[in-house]
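Working notes, beginning with the structure itself.
Order of listing sets the numbers, starting from 1, for every ligand and every atom in it. Predicted model only: the values in this text are computed from it and were never measured.
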Amino acid sequence: MTVRTRFAPSPTGYLHLGGARTALFSWAFARHHGGAFILRIEDTDLERSTPEAVQAILDGMNWLGLQHDEGPFYQMKRMDRYREVVAQMLEAGTAYHCYCTPDEVEAMRERMRAAGEKPRYDGTWRPEPGKTLPSVPEGRKPVVRFKNPLDGDVSWNDMVKGTITISNRELDDLVIARPDGTPTYNFCVAVDDWDMKMTHVIRGDDHVNNTPRQINILRALGAPLPEYGHVPMILGADGEKLSKRHGAVSVMDYPAQGYLPEAMLNYLARLGWSHGDDEIFSMEQFCQWFDVDHLNSSPAQFNPEKLAWLNNHYIKLADNVRLEGLVRPVMEKEGAKFDGAPPLQQVIALMKERANTINELGDAAMLFYREPNPDPALVTQHITDAVKPALAQFTEACKSIEWNKATISATTKEVLAAHKLKMPQLAMPLRLIVTGQLQTPSIDAVLELFGRDTVVARLQKFL
Ligand SMILES: Nc1ncnc2c1ncn2[C@@H]1O[C@H](COP(=O)(O)OP(=O)(O)OP(=O)(O)O)[C@@H](O)[C@H]1O
């Protein structure tokens, strides 16, 4: 059997981290078993679905590299097929027309609530052997209801949660088609999973309640049942389930903030799944390791600090040519002047150690690409009369020394010794004058990168 899994979002908003993590598990399961991963867009909620949301989902999946092997299939394009299956079920007697109005259904539910019973459809139009049905009200369009078994249980061995059993008494005769013929959610999902030959349905555990309904429909259709695995939810920092309605952040906000896809994937993979103490691994490794046995059964909370830590790790690993491509647009927006300034890749090599995001890296690198404009208060504080002769001597020395980190460092030390100063007394003024700020990587490395001409010119201008 070839494993076939799917991700089936509704395009009612962007893809958020919760959905993306669930998609990742479904994708990895297929990859682990050499199977196929299918993307299905569940766009039947016409009021909330938009083409922009479809695009946002595709963009998110694409950025993460969660390539689908088949699809995207759109439910709205499968309406004829759903109608065909409804007709077959009516024919087979596994579904029936119900002419109750919504008000009548509500009234029957109200009666049951008042009698202390669970509110449900009372079966008025459910055909049974020997039962006489009411006469069809003139001009009224019926809904189609699924003839759910009355007795017994629906039970499945959930890949994540173990055996789950729901009594059929808990399940109503579900409406599968509305009066205008449009099919409803659980019915479409069951038909799709059947037609698309799903072997493993891996989805969020917000769907557990849908599963017994879908299983009953599949059984009525004589369709094979997939295995089901319901993975725990990702919760936001506030402990609420991440959801579009709850204002969760789009996956695509992360590249905009300067996160690398491999960092996000690694982070998401560990969100609710573990492989011993392994924290850092490639997707290739993840697909080899991934199994449902090591999924946590409780929800996982999104932790931005851990994501930032992983992003820093992958930035440090990333090739500087690639980083330049990502950083340059960020810096251009900030007005960086690249002409005559140090090569960006060398600056990146110096600065990436401490950057948690590409945007942070761009901000930090800006010190090489704008005119220094030190805060006058800091200048007064750090560049005292006692320091100025040392600065003058350092400037003179800079004109003739060999220009590299080692000689710059040695020269600094000589000047310090000659003027009986401590390192920060010279380094801070140098930072302020050359870069305009006090926080920089080691001063010798920074000066080396700026180049002799810029360093000497800035020092002379100041002095
Ligand atoms: N917070 C979450 N954590 C983990 N999985 C999630 C989360 N939210 C949704 N999913 C899963 O993502 C898949 C796609 O879900 P869907 O497109 O309906 O997103 P949604 O955020 O639940 O939508 P809505 O915001 O409208 O409730 C489903 O398998 C769903 O279970």
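Going from atom CD1 of I57 over to atom CD of E52 covers 11.5 Å, rounded to the nearest 0.5 Å. How far NE2 of H68 is from OG of S26: 13.5 Å, rounded to the nearest 0.5 Å. Here the NZ-CG distance, from K118 to D172, works out to 7.0 Å after rounding to the nearest 0.5 Å.
The side chain of T22, and not its backbone, has at least one atom closer than 4.0 Å to an atom of ligand 1 (non-hydrogen atoms only; side chain from C-beta on). Only the side chain of D206 comes within contact range of ligand 1, with a heavy atom under 4.0 Å; no backbone atom does.
Some N or O of L242 is nearer than 3.5 Å to an N or O of ligand 1, by distance alone. Considering backbone and side-chain atoms together, S10 places an N or O closer than 3.5 Å to an N or O of ligand 1. Between P232 and ligand 1, not a single N/O pair is under 3.5 Å apart. Taking any N or O of I234, backbone or side chain, at least one lies under 3.5 Å from an N or O belonging to ligand 1. Taking distance alone, with nitrogen or oxygen atoms compared against 3.5 Å, M233 stays at or beyond that limit from ligand 1.
Atoms of ligand 1 found under 4.0 Å from any heavy atom of F7 (numbered from 1 in listed order, with element): 12 (O), 13 (C), 14 (C). Under a 4.0 Å criterion applied to the non-hydrogen atoms of P9, ligand 1 contributes the atoms 14 (C), 17 (O). Applying the 4.0 Å criterion to heavy atoms of R21 picks out, from ligand 1, the atoms 4 (C). Residue-ligand proximity, G18 to ligand 1, at heavy-atom distances under 4.0 Å covers atoms 1 (N), 2 (C), 3 (N), 4 (C), 5 (N), 6 (C), 7 (C). Short contacts between ligand 1 and K241, defined as distances under 4.0 Å to a heavy atom of the residue, involve ligand atoms 1 (N), 8 (N), 22 (O), 27 (O). The T12 neighbourhood of ligand 1 comprises atoms 26 (O), with distances under 4.0 Å to a heavy atom of that residue.
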Trace of the salt bridge (Lys or Arg N to Asp or Glu O under 4.0 Å) decision for R78 with D195: CA-CA 11 Å; R78 289 177 40 78; D195 285 353; 2.8 Å; yes

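Using a 4.0 Å cutoff on heavy atoms, R48 counts as a contact of ligand 1.
Under the 30°/60° scheme for interplanar angles, the aromatic rings of F29 and H200 are found to be tilted.
Between F146 and F187, the gap from one ring centroid to the other reaches at least 6.0 Å.
Inspection of the W194 and D192 side chains reveals no N or O donor paired with an N or O acceptor under 3.5 Å. In this structure, a donor-acceptor pair under 3.5 Å is present between the side chains of R431 and T440.
Within 6.0 Å of NZ on K337 lie no more than 12 heavy atoms contributed by other residues, nucleotides or ligands.
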